[in-house]
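Notes follow the structure.
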Amino acid sequence: MRKLTGKKWLVFMLLCGALFLIGCGAKEAVSEKEFVEEKEPTKEIVIGFSQLGAESDWRTSNTQSMKETFTSKKGYRLIVEDGQQQQSNQIMAIRKFIQQEVDYIVLAPVTETGWDTVLQEAKDAGIPVIIVDRQVDVSDDSLFTCWVGSDFALEGKKAAEWLHQFALAKDISEQEIHIANIQGTMGASAQIGRTAGLEEGAAKYGWDLLAEISGEYTQAKGKEVMEALLKEEPQINVVYCENDNMAMGAVEAIEASGKEIGSDISKGQIMVMSFDGVTKNIMRYILSNKISFDAGCNPHHGPRVETLIQLLEAGKKPDKFSYVEERIYSHDATVPSLEVDGNSYPVTVVTSKTLEEFQ
Ligand code: GZL
Ligand code: ZN
């Protein structure tokens with residue numbers, strides 16, 4: 001390369017300097033660009049879930065739905081605390097979540113009352129609380145952000161209306177219906193709503209409501225209670241169970257007593273009605289008429305809770321109360337559909353096809 005002299009040398013040096021500076025700058029810019037490019041790690045959303053227990057198939061499905069929805073792959077960390085059906089355990093769990101400074105608390109409350117103090121603590125800590133399934137009865141609704149679950153009063157009304165239509169269709173006089181109600185956990189929204197539906201029906205149609213006793217939503221307790229009822233009230237011909245696990249316990253007890261289960265109550269059979277309709281196993285009970293009616297209760301709250309959390313993350317205000325859709329199942333087509341509060345609800349007759357399709 002020809003030797004550079006004087007002015008040319010100066011221009012050459014200035015050019016080099018400029019290129020050097022641009023280079024650094026570019027390096028700077030590249031590293032700046034790289035830094036900006038490098039995605040901010042998305043903030044993990046930490047959810048503390050106080051589940052009331054593991055007393056029933058419904059509850060197991062409900063927990064499963066939450067675990068399937070809030071996975072680490074999707075940027076969540078779900079902490080599940082099992083309350084073993086004790087409110088004190090659930091209150092301790094919520095206090096733990098507050099200590100852990102979770103982003104959201106999800107509460108499936110065992111009963112409706114007794115939450116004001118601990119929900120106030122969560123509110124003071126600025127942690128939104130989403131209630132699922134059963135409701136909380138608090139002095140101030142601002143103590144929880146929103147609720148998602150079933151309309152239990154409607155479930156009870158559907159069951160009572162089905163029994164009334166069934167009796168009419170079978171020409172059974174309403175006074176000939178002698179019912180025992182095996183209730184859920186006393187004070188739980190599902191128990192309150194399902195019992196109210198039956199009591200209103202009994203008062204309206206003149207059924208003989210012989211006994212109401214809690215089976216705590218478990219199969220063991222349901223069986224124990226049914227054994228006692230069969231001794232004390234031999235004329236029972238309808239057993240209204242406020243969930244499927246208690247119904248399975250009641251079926252066990254009735255079969256062991258030698259009495260016949262079925263919907264032909266004018267021939268001395270005992271008809272079992274129930275709630276939840278969550279498992280293939282229960283569909284088999286309905287197909288074989290061990291359970292003649294089952295008001296479905298949807299346990300799959302996970303996706304709905306996720307929608308609520310995503311709305312809150314986006315700074316939006318979700319509806320305070322959102323209800324899940326539910327079906328009605330029966331053994332046969334005696335009552336093809338129901339009218340409740342001016343709305344019509346189809347009844348699904350369980351067939352072997354229903355069984356195959358059932359997830
Ligand atoms: C209903 C839920 C009830 C189920 C029972 O949404 O609260 O609790 O009906 C469960 O099976 O134990
Ligand atoms: Zn049949």
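Numbering of ligands and ligand atoms starts at 1, following listing order.
A donor-acceptor pair is defined here as one N or O able to donate and one able to accept, closer than 3.5 Å; no such pair exists between the side chain of Ser150 and the backbone of Phe152.
Cation-pi contact between Lys353 and Phe358: absent, since separation from the ring centre below 6.0 Å together with deviation from the ring axis within 45° is not met.
With hydrogens and angles left out, the side-chain atoms of Asn245 and Glu55 include no donor and acceptor closer than 3.5 Å.
Within 4.0 Å of ligand 1, contacts by protein heavy atoms are made from Glu55, Ser56, Trp58, Arg59, Asp133, Arg134, Phe152, Ala190, Arg194, Tyr217, Asn243, Asp276, Cys297.
Listed by chain and residue number, nothing satisfies the ring-ring contact (aromatic ring centres under 6.0 Å, His included) test with Tyr345 (two or more places apart in sequence, or in another chain). In this structure Arg284 satisfies the salt bridge (charged side-chain N to carboxylate O under 4.0 Å, His left out) test with no other residue, sequence neighbours excluded. For His164, the ring-ring contact (aromatic ring centres under 6.0 Å, His included) criterion is met by Tyr205, not counting sequence neighbours.
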